[in-house]
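Since the structure comes first, as C-alpha cells, the remarks are kept for the end.
Numbering of ligands and ligand atoms starts at 1, following listing order.
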Amino acid sequence: MDNMAKKDIDSFQEKTLADFVIQRRTEPDIFSWVDSFSETINYLSSIGHNMYRRVMLSANSNHVLVEDPLTKKEIEMIMMGSNSYLGLNNHPRVIKAAKEAIDRYGSGAGSPPHFSGYYDIHRKLETNLAWLKGSEDAMIFASGYSTNVGILSCFLGPKDTIIIDKLAHASIIDGALLSGAKLSTFRHNDMNSLERVLSQSQKNTAGDRLVVVEGVYSMDGDIAPLQDIYNLTKKYNAKLMVDEAHATGVLGKTGKGSPNTSTLKEKLI
Ligand SMILES: Cc1ncc(COP(=O)(O)O)c(C=O)c1O
C-alpha cells in the first residue's frame, strides 16, 4: 500500500461494489477478481473509509457504538443506514415480547414456517399485518430478499414478463431472473417509459405481465406515483406488485404504507 501511486488511490476511492460486479463479467479468473476486491477493501480499511461490515457494539439505534477499525477503540457514530425507522427493534414492549417468546418457544423454530416451524405467534403476526395493510391475508418470510425471490419465482414463469423500475431492489431482479420470465425495465418513476414497455410487452408476451415497483425507493427515498402506475397497469391489462419495505410504518396517516389497490380503485371511480 505504501508505494501506491496517487492514480491507484483515486481509482480505489471512486470504486463502488457495482464496479466489482461488472468487472466479474469480464474477469474470467475468480481469484484475480477477488484479489483486486481485497486490495480495495484493505486500502479503504487502512484509511478508515470501509463502510462494509463495520463492527457495532450496541443496539442499532440513531446513535450506535462502533469499533474503530484503525484504533479498535469504541466510538459513537450517528446511524444513517438503518431501516428501523420507528426504532421498534429497541422498543421495550417488543423486547419484552421477544424475551417471552424465547422462553416459550426456544431460540429457533427448527424448520421454516412453510414446513413445520409455523407457530401461533407467526399466524397472529400475519393476521395483524393483513389488518394493517387492509388485505385479505398475509404471509411472512424471513427477510425481504426471500420474499421477493420466493414470490416472483413461484408465481411467474418463462411465458410471463416482469416489468421493473430501473431502481428496483436487487432482490426483485434476482427473483425475476430465477422465475425464468422475460425481464423488462422502465426508467425510474417515468410513466411514459412504463407505458412504452407495457404496450410493447402486450404484443410479445404469451403469459402474464407483472409490474414491480417500490412504494418508497430505498436509495433515494422517493415515492412511486402509484395511482398513475395502477392506471397504466389497468389500461394494459397487467398486474402490479409493490414492495413496501420502506413505506410500511412510514407513509400514510397511521403508517399503513402506500395506498393499497382497493384504495386506489376507490379513488379511480
Ligand atoms: C425495497 C427493498 N426490498 C427488499 C429488500 C431486502 O430486504 P432484506 O434486507 O430484509 O432481505 C430491501 C433491503 O434493503 C429493500 O430495500
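Proximity of a side-chain donor or acceptor of Arg196 to a complementary backbone N or O of Ser199 within less than 3.5 Å is not detected. Proximity of a side-chain donor or acceptor of Tyr217 to a complementary backbone N or O of Glu214 within less than 3.5 Å is detected. Here the side chain of Thr205 pairs no donor or acceptor atom with the backbone of Gly207 at under 3.5 angstrom. Under a 3.5 Å cut-off, the side chain of Thr147 and the backbone N or O of Ser143 do form a donor-acceptor pair. In terms of modelled atom types and a separation under 3.5 Å, the side chain of Trp33 and the main chain of Gln23 share no donor-acceptor contact.
Here the protein heavy atom with the shortest distance to atom 15 (C) of ligand 1 is His169 CD2, 3.4 Å. Closest to atom 16 (O) of ligand 1 among all protein heavy atoms lies His246 NE2, 2.6 Å. The protein heavy atom nearest to atom 8 (P) of ligand 1 is Gly144 N, 3.4 Å.
Proximity to Tyr145 (heavy-atom distance under 4.0 Å) selects the following atoms of ligand 1: 6 (C), 7 (O), 8 (P), 11 (O). Atoms of ligand 1 found under 4.0 Å from any heavy atom of Asn148, numbered from 1 in the order shown, are 3 (N), 4 (C). Of all the atoms in ligand 1, the ones that sit under 4.0 Å from a non-hydrogen atom of Ser218 are 16 (O). Taking every non-hydrogen atom of Ser143 and a distance limit under 4.0 Å, the qualifying atoms of ligand 1 come out as 10 (O), 11 (O). Listed by number with element, the atoms of ligand 1 under 4.0 angstrom from any heavy atom of Ala245 are 1 (C), 2 (C), 3 (N).
Below 3.5 Å of separation, one finds an N or O of Asp243 facing an N or O of ligand 1. Between Ser146 and ligand 1, no N or O atom pair is found at a separation short of 3.5 Å.
Nearest heavy-atom pair across Asp165 and Arg187 is OD2-O, 4.2 Å.
At a distance under 4.0 Å, a protein heavy atom can be found next to atom 3 (N) of ligand 1.
For Tyr43 and His49, the ring centers sit 6.0 Å or farther from each other.
A donor-acceptor contact under 3.5 angstrom links the side chains of Asn148 and Asp243, judged on distance only.
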